[in-house]
Visitor: 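Here it is, the structure, as structure tokens.
Since we're looking at a predicted model, the values are computed, not measured.
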Amino acid sequence: MSEARAFKHIGQRTIRPDGFDKVTGKANYGADLALPGMIWGAILRSPHAHANIRSINTERAEASSDVLAIATFQDFPSVNDAASAAGTLRKDLIDTAQNILAQDKVLYHGHAVAAVAARTEAAAEAALALIDVDYEVLSPVLSIDAAIAEDAPLLHPQLKTEGLVEPADSPSNIAARMELKKGDIAKGFAEADVIIERSYDTPTVHQGYIEPHATVVNFDHNAPSMIWCPTQGHFDVRARIAQLMNMELGQLKVVASEIGGGFGGKTTVYLEPVALILSKKAGRPVKMVMNREDVFRASGPASASQSTIKLGAKMDGTITAMQATLHYEAGAFKGSPMGPGCMTVFTPYDVEHMYVEGFDVVVNKPKVAAYRAPGAPQSEFAAEMAVNELAAKIGIDPIDLRLKNAAREGTQTIYGPKLKVVGLEACLKAAQQSEHYQSPIADGVGRGLSAGFWFNIGGQSSVIINLNPDGTGSIIEGSPDIGGSRASMQMMAAEVLGIAPGKLNPIVADTEHVAYNQTTGGSRTTFATGMAVIEAAESVVSQLKERAAALWNVTTEQVDFVDGVALNLAGEDSLTLAQICAAAEKTGGQISGTANINARGAGPSFAVHLCDIKVDPETGKTDVVRYTAIQDAGKAIHPSYVEGQFQGGAVQGIGWALNEEYVYNESGVMENAGFLDYRIPLASDLPAIETIIVEVPNSFHPFGVRGVGETGIVPPLAAVGTAVADAIQKPVSSLPCSPPKVLELIMAES
Amino acid sequence: MKAHVTTRINQESVEFLCEPSETLLRVLRDNLGMTGTKEGCGSGDCGACSVVLDGELVCSCLVLGVEAQGASIETVEGVAASDELHVIQQKFLEHAALQCGVCTPGLIVATKALLAENPSPTEAEARYYLAGNLCRCTGYDKIIKAVMDSAATMREGA
């Protein structure tokens, strides 16, 4: 661990700069914008989970005076022109287009088929009945087992499995296979005294952001067309729309509204391209808002999974072999997070022999979207459940077993690089020493724990810092603030500039006012955009030194800059930042700093969670009675928001483990598409979520930051699953541990 | 035909026209431009649209606009006094009780209603009273801490 650095602002619990607007209702989210002359769009959705579209007849709608515009798949120029015919268009773009508006097949109940615009929302919804669609209904494929069965109906008759050892000659619902290996798995199992093999499954779940998708679009022939939407990445919305609509990036201006939650689910486009088509045709601004039912049926969700884990170990607790077979549902189009699921499954372990095989399987459910550490909760749930069972079988404390085999600096990962300095052992030790772990377990209560890993990413960020003549300033960034990141940007800039954070106004700019930024995702914002903020602030500091040198008629080397004050090393003079800004007119004009970076070295992040659960033996109802989340933050910029990420991730994971699941009928209709029946955790379901911030600095970041957003959703599934198993003294293999399923386990013969 | 409704919102007299089928939430947001009240579900399950109607905490998506006739409504826009935040709003900020912030207006309104009914709630009482307000970001921990601190501060000030 490197030496702790003394900070003035970093590590404080400041008030977030956007807070006032958010507690008073002034902040504008996706559905909050209205433009003069605005009309409303609505989407016609498929009543079938799987069907061929024989025809879409819009004649009656076109004849209606209420209807101002209609959109169907045929309105995507890019996927209908020469580039598409020549096969140069990326397949995933065609998938995106077909997901936004179905072409010749509908692949899930709720799949968008056509759209209309009318003067009011009610008129637009009523006009949907004027569109006639002729369907040929097909059998739906609703599970991995059904999809991979020999005679399964095919979702995509042309889809052949990628990544097979022998190229596939016939189509399949398995879109892709991947394999990762390390050492010699057979040798690893041959060295083992104990071998266990178990299978696990997890359900389809939704990100569950409280704000539905919404957009307001104003097409403009002479200036960039404006797209307003709540998104984690407005630059990527721009790129996607430009590709779909054959437009140049400069013809589009995407404005990121405030965003009411995303968790990965707002990294793609659904309504925005449709609204653009409608706005272009109608010559009016168009607003579209999903209702909650549409959000469940046609956005997100996260993959259901089936996993088989095989572990081998010696009686002293040395794990000799780890093997996994992982199946992920992709939904209607290929592209589940099978890849990161395979890469993360065993990363908390330094074990010589590993083998992982993954499959990406299409089913008649909505196309999955990223959900907080995409792919990792499913695979690591299975691995951690098995590791806990292994510990019990050998008779060793589960933390001791993990410490004995823990990934550390120099551990060779199965996916490529060797780990740098990581905080897993520190988290495990903090868990072991915690008051929670040391406390006795009450009667009727079970305890579980789990480790968890997520990569975190870096990538491109661009920042401008402008100083005003009075020494205040603005930080212009392009990373949508989904959970308080404006505060951390303000604090990092203030640390470098040596002024109070409140002197700097952080602004999330639209795509025209700052250069490209990657999406707010991959736990990258405080790490990568933070690095850009620090670099821009450092550029400002070097300019402040030059300006002070000019005022004093000395060389820049003779100027130091400490805590917001320039010091003349050749004399006694000093100038504050504000004084230098006030004199900027005389030294060459105003001062601003920019940074355009592609950040590398995002530090891997590990966490350990502890969970105590009480189970009612008569009903199977579970109560989380105590929960502690321990995670390596590298360096916590704003500890309250770091804790908030740990707590939020933990509770989403608790919901995944205990309650949440898509329930389908045999026709492929989701039967619980609302918050009453798809039950996310409530305040009354939960205890306090205790947190321990571990800080093992990331050497690639100037302040030591590691991303903290995603890792926290990885450990809860197995921590909860193991706690339930411990409470009822029966093995748990299937999530969610909902009361009927837990009761069934309790009633089952041992 | 649209109905003509006269009501009071945040102590001001307000008149509006609405379709008899339009919800109070739609009237507030689309007819009156008061977008501080949010829509998360439209079915009374998430509490993002919480307002106080004649002293009672309600989901404005489950109330018709015409029901506002002669009533008195409090929305999030009326919680702060011009530029001075209410104690509850201040405590939500101090405790970092919001991340994305879209559930926050509903939670502020619901917390104010809770503390008007019960100035000294236990933590369990607060958790159950606020069980109709979904938050997906925070895990509720910091929200409950903000609520308990608000209650203590308001009792001291009373």
Visitor: For Pro681(A), is there any backbone N or O sitting under 3.5 Å from a side-chain donor or acceptor partner on Tyr140(B)?
Guide: yes

Visitor: Between Phe92(B) and chain A, with a heavy-atom cut-off of 4.5 Å, which part of the residue counts as in contact: side chain, backbone, both or neither?
Guide: side chain

Visitor: Output yes when Arg127(B) and Asp685(A) qualify as a salt bridge under the 4.0 Å nitrogen-oxygen rule, no when they do not.
Guide: no

Visitor: Please look at Ser43(B) and chain A and tell me whether the side chain, the backbone, both or neither of the residue comes under 4.5 angstrom of a heavy atom of that chain.
Guide: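 Answer is neither: Ser43(B) stays 4.5 Å or more from chain A.
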
Visitor: Is Glu39(B) close to chain A through its backbone or its side chain, or both, or neither, when contacts mean heavy atoms under 4.5 Å?
Guide: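 The answer is the backbone of Glu39(B).
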
Visitor: Identify which of Lys26(A), Met290(A), Gln207(A), Arg13(A) forms the greatest number of heavy-atom pairs closer than 4.5 Å to chain B.
Guide: Gln207(A)

Visitor: Heavy-atom distance under 4.5 Å to chain A: side chain of Asp30(B), backbone, both or neither?
Guide: side chain

Visitor: Under a 4.0 Å N-O cut-off, is there an ion pair linking Asp45(B) with Arg292(A)?
Guide: no

Visitor: Heavy-atom distance under 4.5 Å to chain A: side chain of Leu98(B), backbone, both or neither?
Guide: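 Its backbone and side chain both get close to chain A.
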
Visitor: Between Ile144(B) and Ala683(A), which heavy-atom pair has the shortest distance, and what is it?
Guide: CD1-CB, 4.5 Å

Visitor: Please report the shortest heavy-atom distance between Phe263(A) and Cys137(B), naming the atom on each side.
Guide: CZ-SG, 3.6 Å

Visitor: Between Ala31(A), Gly483(A), Pro230(A), Gly649(A), which has the largest tally of heavy atom pairs under 4.5 Å with chain B?
Guide: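 Result: the option with the highest number of such pairs is Gly483(A).
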
Visitor: Check this for me: does any side-chain nitrogen of one of Arg26(B) and Glu121(A) sit under 4.0 Å from a carboxylate oxygen of the other?
Guide: yes

Visitor: Is the backbone N or O of Tyr209(A) less than 3.5 Å from a side-chain atom of Arg136(B), with the two atoms forming a donor-acceptor pair by type?
Guide: no

Visitor: Using a cut-off of under 4.5 Å on heavy-atom pairs, state which of Gly208(A), Gly261(A), Ala27(A), Gly655(A) scores highest against chain B.
Guide: Gly208(A)

Visitor: Quick check on the interface: out of Ile689(A), Val651(A), Ile210(A), Ile15(A), who has the most heavy-atom pairs with chain B under 4.5 Å?
Guide: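 Counting heavy-atom pairs under 4.5 Å, the top option is Ile210(A).
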
Visitor: Please determine if Glu643(A) and Lys142(B) form a salt bridge, counting it only when a charged side-chain N lies under 4.0 Å from a carboxylate O.
Guide: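 The answer is yes: the pair qualifies as a salt bridge.
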
Visitor: Are any side-chain N or O atoms of Arg16(A) and backbone N or O atoms of Leu93(B), one a donor and one an acceptor, separated by less than 3.5 Å?
Guide: no

Visitor: So which of Tyr641(A), Phe675(A), Tyr29(A) has the biggest tally of heavy-atom pairs under 4.5 Å with chain B?
Guide: Tyr29(A)

